[in-house]
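First comes the structure, then the notes that go with it.
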Amino acid sequence: MLDRKLLRKDPQKVAEAANAKNEKINMDTWVVADSSRRTVMLEIEDLRNQRNTLSKAVSLKKRSGENADYEVAKSRETGLRLTTLEDKVSEIDKSLAEMEMSFPNIPDPDVPVGGEENNVVLRSWGEIPVFNFKPKPHWELMEDVFQPEAAGRIAGSNFILFRGWAAKLQRNLISWMLDYHTQSGMEEIWAPFVAKAESMTATAQLPKMEDDMYKIGRDNLYLIPTGEVPITNLYRDQLLEEADLPVRLCGYTPCFRREAGSYGKDNRGLNRVHQFEKVEMVRLEHPERSEEAHQEILDHAAGMLELLGIPYRILLLASGDLSFAAAKCYDIETWSAGQEKWLEVSSISNFRDFQARRGNMRYRPSGGGKPKFIHTLNGSGLALPRLIISLVENGQQEDGSIKLPPVLAERMGTEVIR
RNA sequence: GGAGAGGUGGCCGAGCUGGUUUAAGGCGUACGCCUGCUAAGCGUAUGUAGGGGUAACUCUACCGAGGGUUCGAAUCCCUCCUUCUCCGCCA
């Protein structure tokens, strides 16, 4: 949600920002509705004042046994007029709120304008592996342990099932990543894997992503599409002290995505599935420090890939590729040797105060004074299926065996998977 | 799933036989006083949002959410959400 003051002061800026994100919004309608709301509110407040005064008079007169019929009649009259105006305002409020919930966050000034093609590669790390044989895609390397047909029988197409070493590898990766985060001072969270509409609205999956989420209609719950939802909502409607900031959290969750309309596009194997596992990092930060924090989270996430020895590159997303709620976002992509392409394994975003406004997440300044909105950030650290793709495809050897990086060899009890 | 009890300002907590409560009191916090130092004590201030005024100040709304009754609702009624206790069911 954007600051109403900003909407009034610079509607043009909001409209341009939405345009840069390819979101269609009707700013003019908002401006008209907002101004008529204020006109009506003026009258309402005046009438309420009159009614309060009359009520007080009724109270005093009755107390002293006087007749208050005149005041009661007058007050009733005022009340009738009020009802009409209040109905009008609540109607306007409803449409204002609806519009405001659909206004996307404004990209930071340093975000390139344009679509995907304007994403900027900021830096890369590691050497793209060269093989003296033709490297295989992961679905061939993992034939015995990755069984989409089985998952399809159980849950439907585009769900995945791991068995044997793949299942163990995923479990160990999750565990290793969480240890990596907690060693740097993050608190580990185990949160619900479902969330209600208010939570989804606070982090801004709703209203826009409604069709991309699984919904349990009977209980009015959604399966979470990312750990960002429950972990950020841990602090919804909370007031923190300035000294509590930053709050640094991490946690494992599955992520459920309907991926409506994305069939047939890069969805072979583990590339794009309905349920995947992810370790998420969430940070609540002081507004003045969120830019710095964004870099820290990015470097921290990239550090994992260096320990795993996986080549990666970092993109600064252009406005058209930014999510609805983000002001700025870095993607980390790892190399997939078998498919010869880059895969997004992490998306690290700064939402500034956008989610905090929607979820009413504030802190009280240490010198006293009015509560202010915090800034929220999050980043994958990391998404499992694509990480496994890169590990397996990049580590493959001519005989089909897979060489593991030392940090995993230790946990898996072997240096090579055969 | 059944029965019962709650949800009040940063926190605790009174009010809940409708009208001097536009929410008492306490804690916490800030400033000041006092005090060899510290602690204690004393005084003052201190919810959020929106509107008006150069300013002192003032108006309006908010007591889980939404509806209703009433001249007037934290207070009465209805629906929903949520917490706790007991019972049932169950990993």
Side-chain angles (χ1 to χ4, degrees), chain A residues 1-9 30-31 33-101 190-202 206 215-222 229-230 233-245 247 284 286 353 356-374:
Chain A
M1 199 158 55
L2 297 168
D3 187 354
R4 224 174 229 193
K5 287 186 181 133
L6 172 69
L7 297 180
R8 280 180 193 144
K9 205 180 101 203
W30 185 91
V31 171
D34 177 59
S35 108
S36 68
R37 179 185 186 277
R38 273 183 294 170
T39 310
V40 180
M41 272 315 284
L42 276 180
E43 199 179 340
I44 285 182
E45 292 195 353
D46 183 52
L47 287 170
R48 279 178 180 157
N49 185 9
Q50 286 176 34
R51 190 181 61 182
N52 287 344
T53 310
L54 286 165
S55 278
K56 221 164 272 179
V58 171
S59 170
L60 286 173
K61 285 200 167 184
K62 289 204 166 172
R63 219 169 268 272
S64 61
E66 289 175 63
N67 182 295
D69 289 355
Y70 173 77
E71 282 80 4
V72 167
K74 198 82 181 142
S75 179
R76 179 181 288 136
E77 206 177 287
T78 311
L80 288 176
R81 172 86 183 125
L82 263 175
T83 309
T84 318
L85 292 177
E86 281 167 348
D87 287 351
K88 200 166 161 189
V89 162
S90 74
E91 204 173 296
I92 297 174
D93 274 341
K94 205 178 146 198
S95 85
L96 279 175
E98 207 169 292
M99 283 188 263
E100 284 166 27
M101 280 301 170
W190 193 290
F193 299 162
V194 295
K196 51 183 153 184
E198 292 98 299
S199 298
M200 290 297 180
T201 304
L206 285 178
K215 186 174 185 180
I216 306 167
R218 178 169 158 169
D219 298 297
N220 246 315
L221 290 168
Y222 296 85
V229 175
N233 272 281
L234 179 53
Y235 284 90
R236 177 156 58 85
D237 288 325
Q238 302 299 306
L239 181 62
L240 296 164
E241 295 300 327
E242 182 166 5
D244 296 335
L245 297 173
V247 175
L284 312 187
H286 193 286
D353 63 4
R357 280 178 192 283
R358 293 179 155 239
N360 192 29
M361 295 179 257
R362 297 172 302 162
Y363 72 95
R364 190 181 291 283
S366 49
K370 297 189 182 261
K372 293 179 175 164
F373 290 111
I374 54 162

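Chain A is the first sequence line, chain B the second, and so forth, proteins listed ahead of strands; every chain is numbered from 1.
Looking at Asn360(A) and Arg362(A), their side chains do bring a donor and an acceptor atom within 3.5 Å of each other. For the 3.5 Å distance criterion, the side chains of Ser199(A) and Arg236(A) qualify, holding a donor opposite an acceptor.
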Tell me which donor-acceptor pairs under 3.5 Å the side chains of residues 85-95 of chain A have, and how far apart each pair is, sequence neighbours excluded?
residue  : atom : partner  : partner atom : Å
Glu86(A) : OE2  : Arg48(A) : NE           : 3.3
Glu86(A) : OE2  : Arg48(A) : NH2          : 2.9
Ser90(A) : OG   : Asp87(A) : O            : 3.1
Asp93(A) : OD1  : Arg37(A) : NE           : 2.5
Ser95(A) : OG   : Ile92(A) : O            : 3.2

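No contact: Lys74(A) has no heavy atom under 4.0 Å from any strand. Residue Asn52(A) is in sugar-phosphate contact alone, with no base atom involved, counting any heavy-atom pair closer than 4.0 Å across all strands shown. Counting non-hydrogen atoms under 4.0 angstrom, Leu54(A) reaches nothing in the nucleic acid.
Contact of the Arg81(A) side chain with the Gln50(A) side chain is not registered, since no non-hydrogen atoms from C-beta on lie closer than 4.5 Å. By the 4.5 Å heavy-atom criterion applied to side chains, Ile374(A) and His286(A) are not counted as neighbours.
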Would you mind building the protein contact string for nucleotides 47-53 of chain B? One character per nucleotide, 5' to 3', B for base within reach (heavy atoms under 4.0 Å), S for sugar-phosphate only, - for untouched. -SSBS--
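Figure legend. G19(B) is base-paired to C71(B); pairs are counted as Watson-Crick or G-U wobble with both atom distances under 3.5 Å. Across every strand in view, U79(B) sits in a pair with A65(B) that passes the Watson-Crick or G-U test at under 3.5 angstrom. Of the nucleotides present, A3(B) is the one that pairs with U85(B) by Watson-Crick or G-U wobble criteria, both distances under 3.5 Å.
Distance CG (Leu60(A)) to P (G19(B)): 13 Å, rounded to an integer number of Å. Atoms CG (Asn360(A)) and C1' (C62(B)) sit 13 Å apart, rounded to a whole Å.
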Show each protein N/O and nucleotides 74-80 of chain B N/O combination with a separation under 3.5 Å, one pair to a line.
none

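Phosphate contact (OP1/OP2 of U60(B), side-chain N/O of Asn49(A), threshold under 4.0 Å): present.
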